[in-house]
Amino acid sequence: MASIMKFTGLVLKNLFSKPVTKNYPAEERKFPERSRGSVQVDIDQCIFCGSCQRKCPSSAITVDRAARTWSIDRMGCVQCENCVNNCPKKCLHMDVHYTQPEYTKVTDTVQGPPPAPKPEKPELTPEKIAELKAAAAAKKAAKAAAEAKND
Ligand code: SF4
Ligand code: SF4
């Protein structure tokens, strides 16, 4: 009898309350701020060190330093956040949204910008070489004078 009363109460409660399900996709679920969704990279800050690849327990990340690409197997990722916590440049974060459902396995690849050009070395003219030699000789003489003073 007690269970029938409990059941009836539950039925009445559900009859007069809002449904717990959402009208998806018209109404999307709001994820809590600290949800672990999908890993995102700020590729402009990435130095292609490969730390995230080495720390990923499911080998979902591939970093190609030569091609300057960062790839992730979305369906291999277990949202552990290990890569995010070990990135030395702090350029990874967990987006709160989960990866969109797909029929096939998805690997997202992000192309990094080309490397910054190396600063050009100043041209060594005979005058510049003479200037450098004079500066080195002056430095050596100053050091010898200081040592002589201390003796
Ligand atoms: S750990 Fe960070 S900086 Fe290093 S390759 Fe991964 S995303 Fe780039
Ligand atoms: S969250 Fe975990 S499983 Fe997903 S890519 Fe990062 S380290 Fe790998």
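Residue numbers run from 1 in the order of the sequence given. Each ligand, and each atom within it, is numbered from 1 in the order the structure gives.
Those atoms of ligand 1 that come under 4.0 Å of a heavy atom in Gly50, given as number and element, are 4 (Fe), 5 (S). For ligand 1, the atoms sitting less than 4.0 Å from at least one non-hydrogen atom of Phe48 are 5 (S), 8 (Fe), numbered in the order shown with element in parentheses. Heavy-atom contacts of Cys91 reach the following atoms of ligand 1: 2 (Fe), 3 (S), 7 (S) (cutoff under 4.0 Å). Against a heavy-atom cut-off of under 4.0 Å, Ser58 is close to the following atoms of ligand 2: 3 (S). Close approach of ligand 2 to Ile61 (heavy-atom distance below 4.0 Å) involves ligand atoms 5 (S). Near Glu81, meaning under 4.0 Å from one of its heavy atoms, ligand 2 places the atoms 1 (S), 2 (Fe). Using a 4.0 Å cut-off to heavy atoms of Pro88, the atoms of ligand 1 that qualify are 1 (S). Near Pro57, the atoms of ligand 2 lying under 4.0 angstrom from a non-hydrogen atom of the residue are 7 (S).
Among protein heavy atoms, the minimum distance from atom 2 (Fe) of ligand 1 is reached at Cys87 SG, 2.3 Å. Of the protein's heavy atoms, Cys56 SG, 2.3 Å lies nearest to atom 8 (Fe) of ligand 2. Closest to atom 6 (Fe) of ligand 2, if we only count protein heavy atoms, is Cys83 SG, 2.3 Å. Given atom 3 (S) of ligand 1, the protein heavy atom at minimum distance is Ile47 N, 3.5 Å. Scanning the protein for heavy atoms near atom 4 (Fe) of ligand 1, the closest one is Cys49 SG, 2.3 Å. The protein non-hydrogen atom at the shortest distance from atom 1 (S) of ligand 1 is Cys52 N, 3.4 Å.
Neither side chain, Thr109 nor Gln111, offers a donor N or O lying under 3.5 Å from an acceptor on the other.
Here the closest non-hydrogen pair linking Val96 and Pro32 is CG1-O, 3.7 Å. Cys56 approaches Ile61 most closely through the heavy-atom pair SG-N, 4.2 Å. A pairwise comparison of heavy atoms in Val78 and Ser58 identifies N-OG, 4.2 Å as the closest pair. Gly76 and Ala60 get closest at one heavy-atom pair: C-CB, 3.9 Å. What you find for Gly37 and Gln79 is that their closest heavy atoms are O-CG, 2.8 Å.
Without hydrogens or angle criteria, Arg68 side chain to Phe48 main chain gives no donor-acceptor distance under 3.5 Å. In terms of modelled atom types and a separation under 3.5 Å, the side chain of Asp95 and the main chain of Gln40 share no donor-acceptor contact. Here the side chain of Arg74 pairs a donor or acceptor atom with the backbone of Val39 at under 3.5 angstrom. Proximity of a side-chain donor or acceptor of Asn23 to a complementary backbone N or O of Ala26 within less than 3.5 Å is not detected.
Within the 4.0 Å heavy-atom criterion, neither part of Arg36 lies near ligand 2. Contacts with ligand 1 closer than 4.0 Å are made by side-chain heavy atoms of Leu92 only, the backbone lying farther away. If you look at Val78 next to ligand 2, the close heavy atoms, those under 4.0 Å, come from the backbone and the side chain alike.
For Lys22, the salt bridge (charged side-chain N to carboxylate O under 4.0 Å, His left out) partners at least two apart in sequence or on another chain are Glu27.
Checking Cys77 against atom 4 (Fe) of ligand 2, an N/O/S atom falls under the 2.8 Å cut-off. At least one N/O/S atom of Cys80, from backbone or side chain, sits under 2.8 Å from atom 2 (Fe) of ligand 2.
Using a cut-off of 4.0 Å between Lys/Arg side-chain N and Asp/Glu carboxylate O, Asp73 and Lys105 are scored as not salt-bridged.
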